[in-house]
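Here the structure is a predicted model, which is why all the values come from computation and not from measurement.
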Amino acid sequence: MSVAQKLRNATVESTAASERKRHAAALLPPVAAALSVYLAYLLTHPLPGYGAGLYGAMAEAILANGYRLPARVPHYTSGGIPFAYPPLGFYGLAALLDLTGLDYLTLVRVLPGLFALGYVVAAYFLAYELLGTRRRASVAAAVVATSPTITTMHLTAGGVVRAPAFTVLTAGLYAGVRLFRTHRRRWLYAGVACFAVLLLTHPVNAASFAFSYLFLYAVLDRTRRGLAFGATVAVGGFVLTSPWWATVLARHGTSVFARASGTHGGLGLEPLGPLLFWYTPNLPFPSLWHLLVLLGGCYLLARRKFLLPGWLAVSLLVFPGRVTMLVGAMVAAVGLWGAASVATTRTRSLPVSAPTVVVALLCLYGAGTGAMHVANYPGVDDATATQSYLDDGDLEAMRWVQSETPPEASFVVVGDVGEWFPLFAERTSLVSYRGTEWEGRATQQRHLQTKQALTDCRDADCLTATLAERGLSPDYLYLPRGQYSSLYRMHEQSPGMRPSLAASDRYRIVYRNRDAVVVRVTDLPAET
């Protein structure tokens, strides 16, 4: 190698190292904001938010089946539910439980926040590719790191699967932008790998990925070569995952996927979703995200830059969720810098470092409001608060159920704690909203309506009538005491519930603590 070539290589390496340092500096504020929100969540939630009992049951089913793909997940409804959900995340959970010996609740409380750092970094590089500046990318990543809907979805227990899937989705979109802009094969391989992982991890994210690739091709490429690359990503992803979906089809038929696609809004066009999906408005403090998105959208349209506004508008029509949040964050970053440019032009007294100060202040603002949200700051609406579905009293009650009731006993569980009950009690819950999407929309809606009807009951007579109306004959009831969560809302158990149970010939209270009551259903008919 000549001296000149060595000098050129050294210059290239020096430039690359300098670029990496600049990216690291720009990433520091959003990562710090994400860590602040994560820490606030850990400090205020000794037990994980929301539910992930079904995920744990799937992981345990994999372990019990010797790491072979199980056919069904037991205890969630009388016959169990089909194990048709993409299994990669559950295999990862099973391996962690098997190899580390860690408690499942610890895993689902701690792991999601660590994965969240991955999607913040991926969001930064996606924004940098589309927005062209590190400062704008830093702001976009800060919005992703602290926006209430994103943190609620990914920091809580279910984030143990959703957060890594969101990371792969964001990284895959970055690969797609680079693929359609450069036609380089390494981005093709990255796209195939990301799509395959998403197919094996989370169906909604996989569908969002596929839709976004179609949009990116239509806007960025529109060449035959680009079309071939996009088709290769699709075909490659399905081929790599064929051992899984072929097994599921052989066991459960094609209808299992058709049934699931009809739930959670379906996989096709639906009515216009909330324009500010990524922004949760019912907070006791002001938010800037919605204003910045509107400013950014107007700024881009005025300059005839249609990629991000078009992507945002179409994603709202098709998948108002994951992609919408990412694109909205980038549009918000554009809105901030559009406003900052106007302010800088009109206020010449601003210091040269004003953009850096703006980024720092916005990250501090996002970290503060995001932390207040996950910590359930007083005044946060029940529907948006980060609730825990279970507490220590529930765990004690479920341990009692596991040790003191017959293994074949069936239960009806009132409240969202029912999502955890089959995992920790190892008993069948006859009413289980989560997981029944694989049985179809009608089945899932029936379970949802039954849960709501049971929540509305104020005494034993109402429970008896509801069980009879719904055709349920459980051996036991599991009822919460005091405040409890049901269908994302906080409720207060009726003071008359326990006395009415004690006075009824049909029920016998066999266990109670400060948080739960376990009731044996006798063979005697209810009094008329």
Would you say the side-chain atoms of Thr436 pair up with the backbone N or O of Tyr433, donor to acceptor, closer than 3.5 Å?
yes
Which heavy atom in Leu179 sits nearest to a heavy atom in Arg184, and how many Å separate them?
CD1-O, 3.8 Å
Centres of the Tyr50 and Tyr389 rings: under 6.0 Å?
yes
So how far is it from Ser486 OG to Lys451 NZ, rounded to the nearest 0.5 Å?
5.0 Å
Closest non-hydrogen atoms of Tyr128 and Glu19, given as atom of the first, atom of the second and distance, are OH-OE2, 3.3 Å
Distance under 6.0 Å and angle within 45° of ring axis: Arg303 vs Tyr299
yes
Test applied, side chain to side chain contact (heavy atoms under 4.5 Å, CB included); reference residue, Val197; option that passes from Leu169, Leu88, Thr167, Thr241
Leu88
To the nearest 0.5 Å, atom CG of Leu96 lies from atom CG of Leu111 at 6.0 Å
Given 3.5 Å as the limit, does a donor-acceptor pair link the side chain of Arg304 with the main chain of Leu301, or not?
no
Check the pair Thr369, Thr146 against side chain to side chain contact (heavy atoms under 4.5 Å, CB included), reporting the backbone distance first and the verdict last.
CA-CA 8 Å; Thr369 56; Thr146 62; 5.5 Å; no
Quick check: closest heavy atoms across Ala145 and Val37, and the distance to 0.1 Å?
O-CG2, 4.3 Å
Any donor-acceptor pair under 3.5 Å from Arg222 side chain to Ala218 backbone:
yes
Step through the shown structure and confirm whether more than 12 heavy atoms of other residues, nucleotides or ligands are within 6.0 Å of CZ on Arg181.
yes
Nearest 0.5 Å, please: how far is CG in Leu326 from OH in Tyr119?
10.0 Å
CA sep, side-chain torsions, deciding dist, call: Asn205, Arg162, side chain to side chain contact (heavy atoms under 4.5 Å, CB included)
CA-CA 9 Å; Asn205 279 301; Arg162 287 193 293 263; 5.6 Å; no
Heavy-atom donor-acceptor pair, Glu419 side chain to Arg434 backbone, under 3.5 Å
no
Less than 4.5 Å apart, side chain to side chain, heavy atoms only: is that true for Leu216 and Val177?
yes
List the residues meeting side chain to side chain donor-acceptor pair (under 3.5 Å) with Gln483, not counting sequence neighbours, and say none if there are none.
none
Taking all non-hydrogen atoms of both residues, which atom of Pro30 and which atom of Ala142 are closest, and how far apart?
CB-N, 3.6 Å
Would you please indicate if the ring centroids of Tyr124 and His23 are separated by under 6.0 Å?
yes
Pairwise side-chain contact, Leu395 with Leu105, heavy-atom cut-off 4.5 Å (strictly under):
yes
Might you work through the side chain to side chain contact (heavy atoms under 4.5 Å, CB included) test for Thr151 and Thr156, ending with a clear yes or no?
CA-CA 8 Å; Thr151 56; Thr156 50; over 6 Å; no
Side-chain touch Pro112/His154, heavy atoms, less than 4.5 angstrom
no
Can you check whether Arg135's main-chain N or O pairs, donor with acceptor, with Ser138's side chain at less than 3.5 Å?
no
Just wondering, do Thr201 and Val168 contact through their side chains at under 4.5 Å, heavy atoms?
no
Pair Phe238 + Phe195: ring centers closer than 6.0 Å
yes
Can you tell me how far apart CZ (Arg186) and CZ (Arg178) are? Round to the nearest 0.5 Å.
6.5 Å
Compute the ring centroids of Tyr217 and Tyr213, then answer whether they are less than 6.0 Å apart.
no
Under 3.5 Å, is there a donor-acceptor pair between the side chain of Thr100 and the main chain of Leu102?
yes
I would like to know whether Leu173 and Thr170 meet side chain to side chain contact (heavy atoms under 4.5 Å, CB included); could you show each step before the answer?
CA-CA 5 Å; Leu173 296 179; Thr170 310; 5.7 Å; no
I'd like to know if the side chain of Asp394 and the backbone of Asp391 have a donor-acceptor N/O pair within less than 3.5 Å.
yes
Report yes if some heavy atom in the side chain of Asp416 is under 4.5 Å from a heavy atom in the side chain of Leu390; otherwise report no.
no
Do His183 and Asp221 come close enough that some side-chain heavy atom pair is under 4.5 Å?
yes
For residues Val144 and Ile150, report the shortest heavy-atom separation together with the two atoms involved.
O-CG2, 3.4 Å
Minimal non-hydrogen separation, Ala163 against Phe115, with atom names
CB-CB, 3.6 Å
Are Tyr85 and Phe90 an aromatic pair, judged by ring center distance below 6.0 Å?
yes
Any side-chain donor paired with an acceptor under 3.5 Å for Asp515 and Tyr484?
no
Say whether, by atom type as modelled, one donor and one acceptor occur between the side chain of Ser315 and the main chain of Val323 under 3.5 angstrom.
no
Output the distance between atom CZ (Phe229) and atom CZ (Arg225), rounded to the nearest 0.5 Å.
4.0 Å
Do Trp311 and Phe306 have their ring centres less than 6.0 Å from each other?
no
Atom pair NE2/CG of His45 and Leu155 - distance to nearest 0.5 Å
10.0 Å
Are a donor atom and an acceptor atom from the side chains of Ser18 and Arg22 found within less than 3.5 Å of each other?
yes
Going by heavy atoms in the side chains, are Tyr41 and Pro48 under 4.5 Å from each other?
yes
Does any non-hydrogen side-chain atom of Trp187 lie less than 4.5 Å from one of Phe180?
no
